[in-house]
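As structure tokens, the structure follows; a few thoughts come after it.
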Amino acid sequence: MTGAGPKRTAAWLTGAAALIGCVGGGGNPAALGPGPRAGAGTFEYQAAPFPVRDSTGRAVELPFLGGLNIPRPQLADLDGDGHEDLIIQEYSGAMLWLARDGSDTEGLPHYRYRTSQYQGIDVGEWSRFVDVDGDGDLDLFAEWPSSYIRMYRNVGSRAVPRYQALADTLRDASGAPIFADRQNIAQFVDIDCNAKVDLFIGRIQGTILHYEIVDPGAAVPRFRLVSDRFQDLEIITGQGSMHGANTMAFVDHDVDGDLDLFWGDFFEAGLLLFENAGSCREPRLRREPVRFPADAPLVTSGYNAPAFSDLDGDGRLDLVVGVLGGSYDPIKTTIANLHLFTRTPAGGWVHRREQLLSMIDVGSEAIPSLADTDGDGDLDLYLANKIEPFERQTSRIYRFENVGTARAPAFAMRGSLPIRGRYHQAPAWGDLDGDGDFDLVLGSYGAAVGWWRNDGTKTSPRWVEADSALVRITRGSNTTPALGDLDGDGDLDLLIGEASGTLNLYRNEGTASAPRFVLISDEYGGIDVGRRSVPALVDLDGDGDLDLLMGSDDQGLVLFRNQGSRSEARFVADSGFRVDVPVISAPAAADLDGDGRVDLIVGTSGGGAVYFRGR
């Protein structure tokens, strides 16, 4: 868990901030949008559809948020209620909006889920909310393709903002475009108390460009270049003379009336603080930074993005830090990447959370599967990761036991399966030996698909490796298996997705109790989803045969409807099917709530999962 709580074996379920809500997807395949649509039925995205508890028994408030790997946080009041909301950019082009919704017993913020693609605005690689024209509401700046900067003016109100893109990119006083490298997050603030917004852009050379707005009321505001080397700073990071992608924040952290500079860098494991030894009117930043906080500096994998605000209402600034992952082993921060610091009355800083939001998160590139592996009549959930953040020699498959019922699921984390030594583990379940219990077929980073036989019982499984290479695909890697009877002969056939995006079919020419898989095609049906095919077999349309749902890296979820029969499958792409999901999607499909409709759990690149209820 986060902070100084229970030991790291429970760390995949993170945070303690309460988030409640449900929304749907639509729009950009890189992010959940405002309303999923599907040709074979309609699906509703729900962030908290049923209870989930971590290994300590604590409730996970928003289990199906989808995980985070590279959160770029902002704190801004987007609904005019006087409380700072949390805005996170995890995927290119989309902002996740979590509205402030009270506080918990420790005075820390609760958030309410609002949307995963705020107003459908494509913000590129970064965004910044700021009142640029002094009218009391927040305008928006964002990265535009090829490192231009686009402004969205708020033509609504403070309580009900409505953003309108300006026709041109930001330009300087001479009319030349202003460029901000895509991975260098710009900052807007009035540095010198003259009521004019300044624009700061960090350069990979370690210097900072300083612009000041010329006419805030202009149709497209222009900014004049004040200095191409702000305060004559050249920021040297923790790796000698290295400079890289950067973020920054200006804030009066020491409450002396002027703005100090906080700097995060790809090559810096923490945050650098440049204190302002001047005044608000005449800033003078110290040339030598200190690592922050001074008594216990933050240390992560680097490229840290700070956001300051008073989150607990005590009149003192608090700090949220998103970890984008720099040069110091980004694997270790695939879970611990949204830190919360609060300020003490004496002016010190306390590290309260290493993951502010409460969700399921197993690291990165999660692959889910569903099966009743304990024989109690309901479906349990398994979630595998790419690589275990706390055990680098393997990935893990985490088990969430369904402690509810077949009609009212509730999940509790029960640790991980004792299977080690493989990366990108991809589980599929089926009774291969005809003894009435679930065996495990396991894909991995390489070309082999293994078989772990259940040598226990239906209610008390014990999986033992029976064959490390049940089959080996003819080319490629990242094997992702799915089991189903595709020819109606009463035994399970094997479909295998892989890195190139195609599909392998191995027909079972053995029996229901003694499988023998024979390659039929390594480009089955001409199916190709671009990259990283992840198949799931399910009767999605209720016609009695198995349809094929495919996850992918760059095409989201794709449905191939079975236009053949139970005894001779023929998969045809359904162009009307659409359920928008985060990138590197991996589906599992089943009726989780016993209503007769198929539900979806989709693993994401962020290491979590998103849930879609069949409607």
Side-chain angles (χ1 to χ4, degrees), residues 23 25-34 65-66 68-79 84-99 113-133 137-156 160-171 177-189 197 199-202 220-221 223 245-249 264 303 305-307 320 322-325 337-338 556 580-583 604-606:
V23 298
N28 191 332
L32 297 172
L65 187 63
L68 296 173
N69 274 173
I70 51 172
R72 287 149 277 185
Q74 294 186 74
L75 297 167
D77 182 5
L78 295 189
D79 51 12
E84 301 284 276
D85 304 318
L86 176 62
I87 302 97
I88 295 174
Q89 184 172 352
E90 170 73 8
Y91 300 102
S92 296
M95 292 181 290
L96 166 66
W97 176 25
L98 301 166
Y113 188 91
R114 295 296 297 270
T115 179
S116 296
Q117 196 174 36
Y118 180 68
Q119 295 200 12
I121 302 171
D122 184 349
V123 293
E125 293 300 317
W126 58 264
S127 60
R128 284 284 187 250
F129 287 98
V130 60
D131 182 6
V132 71
D133 47 16
D137 57 38
L138 294 173
D139 305 296
L140 176 66
F141 292 90
E143 189 266 336
W144 211 6
S146 302
S147 297
Y148 291 102
I149 302 174
R150 192 169 203 175
M151 178 179 168
Y152 296 80
R153 194 180 295 278
N154 187 351
V155 297
V160 187
R162 182 167 61 88
Y163 290 97
Q164 187 176 84
L166 302 190
D168 197 5
T169 183
L170 287 193
R171 297 181 180 271
I178 298 174
F179 292 95
D181 293 333
R182 299 191 73 192
Q183 303 303 324
N184 295 346
I185 302 177
Q187 182 70 304
F188 296 82
V189 69
V197 170
L199 162 62
F200 295 91
I201 302 173
V220 179
F223 288 76
N246 53 73
T247 67
M248 69 182 92
Y303 199 6
V320 174
V323 182
L324 281 66
N337 52 38
L338 194 63
D580 291 327
V581 295
V583 296
T604 73
S605 62

For the backbone of Val323 and the side chain of Asn337, can you confirm whether one donor and one acceptor N or O come within less than 3.5 Å of each other? no
Under 4.5 Å between any side-chain heavy atoms of Gln119 and Tyr152, yes or no? no
Check whether any side-chain heavy atom of Val320 sits under 4.5 Å from a side-chain heavy atom of Leu338, and report yes or no. yes
Salt bridge (charged side-chain N to carboxylate O under 4.0 Å, His left out) partners of Asp168, counting only residues at least two apart: Arg171
Considering all heavy atoms of both residues, which atom of Gly202 and which atom of Asn184 are nearest to each other, and what is their separation? O-ND2, 2.9 Å
Looking at residues at least two apart in the chain, or sitting in another chain, which of them share a salt bridge (charged side-chain N to carboxylate O under 4.0 Å, His left out) with Arg153? Asp133
What distance do Met95 atom CE and Ser127 atom OG have between them, rounded to the nearest 0.5 Å? 4.5 Å
Expected output: side-chain Asp139 to main-chain Asp131 donor-acceptor under 3.5 Å: no
Taking all heavy atoms of Thr169 and all of Ile149, pick out the closest pair and write down the distance. OG1-O, 3.0 Å
Look up atom CH2 in Trp126 and atom CD1 in Ile185, then write down how far apart they are to the nearest 0.5 Å. 8.5 Å
Is a side-chain N or O of Asp181 found less than 3.5 angstrom from the main chain of Gln183, in a donor-acceptor match? no
Note: Ala167 and Trp144 closest approach over all heavy atoms is O-CH2, 4.2 Å
I'd like to know if the side chain of Gln89 reaches the main chain of Gly124, judged simply by a donor and an acceptor atom lying under 3.5 Å from each other, with no hydrogens or angles considered. yes
Check ring-ring contact (aromatic ring centres under 6.0 Å, His included) between Phe141 and all other residues, then give those that pass, not counting sequence neighbours. Phe188
Specify the closest pair of heavy atoms between Ala305 and Thr247, including all atoms of both residues, with the distance to one decimal. CA-OG1, 3.4 Å
Could you give the distance from OG1 (Thr604) to CG (Leu68), rounded to the nearest 0.5 Å? 8.5 Å
For the student: nearest non-hydrogen atoms of Gln117 and Ala94, plus distance: CG-CB, 3.9 Å
If you measure from CG on Leu96 to CG on Asp85, what distance do you get to the nearest 0.5 Å? 11.0 Å
May I ask you to test the Pro161-Tyr118 pair for a side-chain heavy-atom distance under 4.5 Å? yes
CG (Asn69) and CD (Glu90) are apart, to the nearest 0.5 Å, by 5.5 Å
Those residues that, when tested against Asp79, pass side-chain hydrogen bond (donor to acceptor under 3.5 Å, both in side chains) (two or more places apart): none
Kindly say whether Trp97 contributes a backbone atom to a donor-acceptor pair with the side chain of Arg114 at under 3.5 angstrom? no
In chain order, what residues pass the ring-ring contact (aromatic ring centres under 6.0 Å, His included) check against Tyr148, with sequence neighbours excluded? Phe179
Partners of Glu143 by side-chain hydrogen bond (donor to acceptor under 3.5 Å, both in side chains), sequence neighbours excluded? Arg182
Please find the pair of heavy atoms, one from Asn154 and one from Arg162, that lie closest to each other, and give the distance. OD1-N, 3.1 Å
From CD1 (Ile87) to CZ (Arg72), nearest 0.5 Å: 14.0 Å
